[in-house]
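Numbers restart at 1 for each chain; the letters A, B, ... are given by sequence-line order, proteins then strands.
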Protein chains: 2
Amino acid sequence: MSDAKLVGSDRVLAVLAELARHPNGIGLEEMARAVDSSKPTVHRALASLRRAGFAAQNGHGRYLLGNEFLRMAFAHQEARPDHVRVMPVLEALCDRYGETVHYAVLDGTSVVYRSKLDPPAGAVRLTSVVGGRNPAHCTAVGKILLAEALRDEDAVRAWVGDRTLERPSERSIGTAEELHAELVRIRDQGYATDDQENEPGVNCVAVPAYLTSPTVPSGAISVSGLAYRTPLRKLVNDLPAIRAIVTEKDPW
Amino acid sequence: MSDAKLVGSDRVLAVLAELARHPNGIGLEEMARAVDSSKPTVHRALASLRRAGFAAQNGHGRYLLGNEFLRMAFAHQEARPDHVRVMPVLEALCDRYGETVHYAVLDGTSVVYRSKLDPPAGAVRLTSVVGGRNPAHCTAVGKILLAEALRDEDAVRAWVGDRTLERPSERSIGTAEELHAELVRIRDQGYATDDQENEPGVNCVAVPAYLTSPTVPSGAISVSGLAYRTPLRKLVNDLPAIRAIVTEKDPW
DNA sequence: GATATAAGTTCCAATTATTGGAAGATTATG
DNA sequence: CATAATCTTCCAATAATTGGAACTTATATC
């Protein structure tokens with residue numbers, strides 16, 4: 001967001017985004033500071049949002065995201081075609097392994113999580129969230145999709161460009177050379193792993209998902225585990241069974 | 001929404017709401033018809049939404065809800081205090097019974113679902129959704145909360161007012177007298193049931209939840225079951241165990 | 001309970017943004 | 001390739017938005 005002041009609907013959407021960052025609610029003055037606008041202007045923006053059901057006011061006059069906003073988002077997600085298609089697979093994997101499972105797609109240099117399923121039992125939650133993103137080069141879902149998309153070292157170098165690859169953990173890949181070598185391994189073995197590369201303490205394996213075509217993956221499916229209770233070796237040993245579950249549900 | 005044409009930010013929010021109704025995407029002209037506006041106007045509204053990350057355009061020029069919108073909503077929900085507080089209970093119940101569980105609060109004459117957890121295994125999905133609502137008088141969560149809030153027949157009559165209580169199924173309560181009698185029973189037994197009253201084929205039991213006070217319920221927790229595989233009698237027999245799980249996680 | 005402070009709400013003159021018909025550009029279809 | 005469908009841009013005319021000031025309500029303090 002530039003230094004330029006927001007106007008009209010851009011400002012209302014900024015207010016909506018700011019509301020979402022405050023699960024405990026926010027006051028009018030704090031919101032006005034956050035979006036760099038006067039109180040009457042923010043008051044009118046909140047009035048618009050309230051009319052749409054996207055904001056509400058609690059008993060103390062503080063503003064909260066409204067029910068309708070959450071209903072819209074959750075209902076939309078339930079009806080999303082790729083979500084509907086992938087859920088039987090995610091349910092089967094989640095039920096079988098008792099770990100968090102994801103479906104993600106490439107989006108630029110990141111992966112975006114389209115679907116996520118947590119087991120009911122299991123105290124610790126991962127930081128991924130539907131609609132959220134992570135760098136593709138240090139996630140299992142990202143690497144399996146890059147293995148398909150970047151078939152040689154020139155393609156890998158072009159993809160990296162002049163960026164410095166971010167390294168969320170010490171185990172993260174940091175250079176085009178390392179990434180290329182990893183993608184060669186992945187193509188050879190047909191799956192990708194994340195050995196605490198994206199998030200310390202979290203392991204993951206991923207395979208491609210063919211939701212819309214028998215030959216071009218639409219995304220990738222992963223099974224994650226907390227390193228202390230689900231070593232990567234165990235996840236890797238389960239790959240034949242994981243593939244079988246994923247393939248069994250293919251529409252091909 | 002009145003017949004009056006929407007302007008400015010109200011229109012942008014209407015476009016956002018309409019986008020959410022189209023998980024397969026929507027074209028510009030269809031959207032213009034849906035929000036009763038000209039194409040250039042809707043085009044600018046979509047441009048605002050795209051700047052905020054709330055809309056995106058697929059390869060065919062059709063518009064979809066954007067990743068950022070879903071991320072915001074899902075991340076917000078994960079951080080919502082009542083959701084954080086109730087999740088350990090819902091996880092324990094869902095793991096134990098392998099059925100869908102909810103936490104809901106009263107909102108006017110409806111209940112609003114604040115949290116929902118589905119078991120990984122189980123083919124059929126219920127229609128409830130986070131942020132969504134149902135009439136209080138024909139849901140287990142609604143009835144247990146009304147039992148607490150409406151202590152005598154006058155209060156029940158006042159609550160019904162001059163409304164005709166909607167009856168989503170033949171088993172739904174339809175009069176103030178019937179509702180009062182039911183609430184007396186519920187107060188006596190300390191739990192509520194939904195014997196396919198809100199949704200054909202779905203049974204449910206609910207108990208009050210004391211997330212923020214030891215004496216005033218903040219909402220209700222329910223365990224639902226499909227009638228064909230989880231008879232209501234079985235859910236009722238499980239109530240002592242359900243209560244134990246709910247109480248064990250109380251912060252009191 | 002009275003007073004002060006904090007926060008939300010309304011007013012309205014001045015200013016800026018929005019609107020939609022028309023036209024242009026791009027994509028899809030036969 | 002021609003045509004139709006759909007998305008995108010332009011700009012004169014029109015309407016909405018803005019924020020300082022003031023008002024109202026709620027909360028905190030003495």
Exercise. Pick from V86(B), V89(B), I221(B), V84(B): which one makes a side-chain contact (heavy atoms from CB on, under 4.5 Å) with L211(B)?
Worked result: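 It is V86(B), the one option of V86(B), V89(B), I221(B), V84(B) that forms the side-chain contact (heavy atoms from CB on, under 4.5 Å) with L211(B).
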Exercise. Got a sec? Which of residues 46-56 of chain B come in under 4.0 Å of DNA chain D, heavy atoms?
Worked result: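 By residue number: none to list.
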Nearest-Å distance for atom pair [atom1]/[atom2], residues [X] and [N]:
X	N	atom1	atom2	value
R62(B)	dT27(C)	CZ	C1'	14 Å
L13(A)	dA17(C)	CG	P	16 Å
L28(B)	dT8(D)	CG	P	7 Å
E29(B)	dA5(D)	CD	P	9 Å
E30(B)	dA5(D)	CD	P	16 Å

For this session: Give a yes or no answer on whether the side chain of D152(A) reaches the backbone of A155(A) with a donor-acceptor pair at less than 3.5 Å.
Result: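 Confirmed, D152(A) side chain pairs with A155(A) backbone.
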For this session: Give a yes or no answer on whether the side chain of S218(A) reaches the backbone of A209(A) with a donor-acceptor pair at less than 3.5 Å.
Result: yes
Would you check if [X] and [Y] make a side-chain contact, meaning some heavy-atom pair closer than 4.5 Å?
X	Y	value
R243(B)	V246(B)	no
P23(A)	P81(B)	yes
R157(A)	E153(A)	yes

For this session: Could you tell me whether R71(B) and E68(B) make a salt bridge, using a distance below 4.0 angstrom between a side-chain N and a carboxylate O?
Result: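 Salt bridge present between R71(B) and E68(B).
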Looking at [X], does any N or O in its side chain come under 4.0 Å of the phosphate oxygens OP1/OP2 on [N]?
X	N	value
Q57(A)	dT9(C)	yes
Y63(A)	dA7(C)	no
H43(B)	dC7(D)	no

Exercise. For residues R11(A) and T41(A), is any side-chain donor paired with an opposing acceptor at under 3.5 Å?
Worked result: no
Show the distances under 3.5 angstrom between N or O atoms of the protein and N or O atoms of nucleotides 15-20 of chain D.
unit_1, atom_1, unit_2, atom_2, d
dT18(D), OP1, G8(A), N, 2.9
dT18(D), OP1, R11(A), NE, 3.3
dT18(D), OP1, R11(A), NH2, 2.9
dG19(D), OP2, S38(A), OG, 3.2
dG19(D), OP2, T41(A), OG1, 2.5
dG19(D), O6, R44(A), NH1, 3.1

For this session: Please check if the distance between the ring centroids of Y63(B) and F54(B) is under 6.0 Å.
Result: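 That pair fails the under 6.0 Å test.
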